[in-house]
Enquirer: 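Would you mind keeping the following structure in view while I ask a few things?
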Protein chains: 2
Amino acid sequence: MQVKEAVIERRSGVALWRQIADRMRREIGEGVLGSDGRMPPEMALAERFGVNRHTVRTAIAALVQEGVLRAEQGRGTFVEGRKRLAYPIRSRTRFSEGLAGQSRGLAADLLDHAVEAAPIDVARALMLAPGSPVIRLETRSHADGRPVSRARSWFDAHRFSGMAEAFERSRSITASFRELGLADYLRQSTTVTAQHADAGDLKDLNLSPGAIVLVTIAINVDTDGRPVQYSQTRFAADRIELHIPGAGMETGD
Amino acid sequence: MQVKEAVIERRSGVALWRQIADRMRREIGEGVLGSDGRMPPEMALAERFGVNRHTVRTAIAALVQEGVLRAEQGRGTFVEGRKRLAYPIRSRTRFSEGLAGQSRGLAADLLDHAVEAAPIDVARALMLAPGSPVIRLETRSHADGRPVSRARSWFDAHRFSGMAEAFERSRSITASFRELGLADYLRQSTTVTAQHADAGDLKDLNLSPGAIVLVTIAINVDTDGRPVQYSQTRFAADRIELHIPGAGMETGD
DNA sequence: ACCAATTTGTCCGTATGTATA
DNA sequence: TTATACATACGGACAAATTGG
């Protein structure tokens, strides 16, 4: 293993400037590059990656566009990005509680909502008959003024009618559940995958092409174990990391 | 939200054929494309993605090279890949147990090992003084004959001397721990992030440039709560999904 | 105020790769 | 296969801004 140096591949179908941008973004995240907040000069980077200075400049321009870097004529290029927020996945997973203390300006907004017939995966997760009416909520969450995730959630339309209106008021799933008579709920299962950002991610999460999203598929249940929410959440992978506290310290298994 | 159709972006720094290949690979994994084992004709794909047939052919050729597709002249293009394996993360997380039943031919091999001075993050995780001697193990795991993950693990060199040799014999962390006198251990914490595959991933996991890896950073502890293993594991995101069983059903929190 | 060194910003021209028709 | 258009990558030159003597 032990990779010594950058490997930038030509005619791989990925432009050099994008490979370099991706690599710099990662190394910045790891603290390998710009740990003092300052990037090496363009010429040094060009030499290191074995490319022309212009190619490095294209990569830097992309990262400036993303908000990762900031370039100042005559001074240098500096790291703008902050460190990743830790999103805890636990028995009582609550969005705002999880990120509280790590960031200011937590906010959520409702992008879209509708009542529809439950698709097969939604019906199975919520233990409803396929085609039963369900409420679909499309929400987006911000931290520090930047979008961090977008979620698509489904609820039994009979049990939780008024969910969309409640969310619009409270901007919180937990508060909406409480308003509709559900005081507590638990995370039953979470599945994590990773994908390239799709067109919706680019738009709603303000990502650049080639960015990565962490996708969680979760089922929440009430205290009787009945499913109350099925959701697919897409996190910007460069702004969020998922943290799973060890069950080992909580339970004897 | 509700993204209707594939959006292939021009001048994004990623060649169209690669965007199409990445998208087809993902949709095949999701069952959206080729769920019956058969791909639509090239002309249909070209129309769907809004590109020339030649561009689709370049994408298909790349996936054939990867082993995802198989093209037969005059008959069509067929899916070779299989569906994503679920890797459970729980109190007693064990690699081979977790994937048992989902795949045949589970195997692990030792890529490299060394005794070194503990870097700061390793020392903190293992609760050792920085610079203390630790054993570093670089391992790789296969399922169904394909590599699915590579891991870099550290162990206290004093407590677990002989770890590398034990692993080389047993090809199992659990068995090696047992051999060295540790009968049981628990997962204390797991952090999940996602990144683009680096040069080592491309080589060891046989990925193509632009592919995504799920990265887990985990700490295992013995039954007294003392850290015994710190590891960074990189999973091929198109072959593995992480599954977190709900603590909600196991504990009252 | 001036100068030299450093670093980013902009412009030119040219060659190659990618995608279409 | 051929032709065309555009994106990508390179090399060089010089301007503009900043820093420190």
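All of these numbers come straight from a predicted model, not from anything done at the bench. Excluded from the calculations below are hydrogen atoms, water molecules and symmetry mates; all remaining heavy atoms, backbone and side chain alike, are included. Chain naming here is simple, since letters A, B, ... match the order of the sequence lines and numbering starts at 1 in each.
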Enquirer: Report the distance from atom CD1 of A:Ile20 to atom CD of A:Glu27, rounding to the nearest 0.5 Å.
Expert: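 If we round to the nearest 0.5 Å, A:Ile20:CD1 and A:Glu27:CD are 11.0 Å apart.
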
Enquirer: Which listed nucleotide (C:dC11, C:dT7, C:dT18) is nearest to the side chain of A:His54?
Expert: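 In terms of side-chain proximity for A:His54, the closest of C:dC11, C:dT7, C:dT18 is C:dC11.
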
Enquirer: Please state how far atom CZ in A:Arg70 lies from atom C1' in C:dG9, giving the value in whole angstrom units.
Expert: 17 Å

Enquirer: What's the CZ-C1' distance between A:Arg18 and D:dA9, to the nearest Å?
Expert: 16 Å

Enquirer: Write out a two-atom table: protein N or O, nucleotide N or O from nucleotides 17-21 of chain D, distance below 3.5 Å.
Expert:
| unit_1 | atom_1 | unit_2 | atom_2 | d |
| --- | --- | --- | --- | --- |
| D:dA17 | O4' | A:Gln73 | OE1 | 3.1 |
| D:dT19 | OP1 | A:Arg75 | NH1 | 3.2 |

Enquirer: Quick check for you: among C:dT8, C:dT20, C:dC11, whose closest atom lies nearest to any side-chain atom of B:Val51?
Expert: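 Closest nucleotide among those given: C:dT20.
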
Enquirer: Rounded to the nearest 0.5 Å, what separates atom NE2 in A:His243 from atom CZ in A:Arg84?
Expert: 14.5 Å

Enquirer: Would you kindly check whether a donor in the side chain of A:Arg53 faces an acceptor in the base of C:dG9, or vice versa, at under 3.5 angstrom?
Expert: yes

Enquirer: Taking the minimum atom-to-atom distance to the side chain of B:Trp17, which one of C:dT7, C:dT20, C:dA19 wins?
Expert: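 Output: C:dA19.
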
Enquirer: Can you check the B:Arg57 CZ to C:dA19 C1' distance for me, whole Å?
Expert: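 Answer to the nearest Å: 15 Å.
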
Enquirer: Return yes when atom CD of A:Glu72 has more than 12 non-hydrogen atoms of other residues, nucleotides or ligands closer than 6.0 Å, and no otherwise.
Expert: yes

Enquirer: Calculate the interatomic distance between B:Glu47 atom CD and C:dA19 atom P; express it in whole Å.
Expert: 19 Å

Enquirer: Under the criterion side-chain contact (heavy atoms from CB on, under 4.5 Å), which of A:Leu207, A:Thr216, A:Leu214, A:Val213 is the partner of A:Arg234?
Expert: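 Option passing the side-chain contact (heavy atoms from CB on, under 4.5 Å) with A:Arg234: A:Val213.
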
Enquirer: What's the closest nucleotide to the A:Thr77 side chain, out of C:dA19, C:dT8, C:dT20?
Expert: C:dT8

Enquirer: Has A:Asn52 got a side-chain N or O lying under 4.0 Å from the OP1 or OP2 atom of D:dA9?
Expert: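 Checking A:Asn52 against D:dA9: no side-chain N or O falls below 4.0 Å of OP1 or OP2.
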
Enquirer: How close or far is atom P of D:dA13 from atom CE of A:Met43, stated in whole angstroms?
Expert: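 Whole-Å distance recorded here is 13 Å.
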
Enquirer: Are the side chain of B:Arg152 and the backbone N or O of B:Arg136 linked by a donor-acceptor pair below 3.5 Å?
Expert: no

Enquirer: Grab the CD1-C1' distance between A:Ile20 and D:dT8 for me, whole Å please.
Expert: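 Answer to the nearest Å: 12 Å.
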
Enquirer: Please determine whether a side-chain nitrogen or oxygen atom of B:Thr55 lies at a distance below 4.0 Å from atom OP1 or OP2 of C:dT18.
Expert: no

Enquirer: Specify the separation, in whole Å, of atom CG of A:Leu16 and atom P of C:dT16.
Expert: 15 Å

Enquirer: Mind checking the CG-OG spacing from B:Asp204 to B:Ser141? Nearest 0.5 Å is all I need.
Expert: 11.5 Å

Enquirer: Do A:Leu137 and A:Ser231 have side chains that get closer than 4.5 Å, going by heavy atoms?
Expert: no

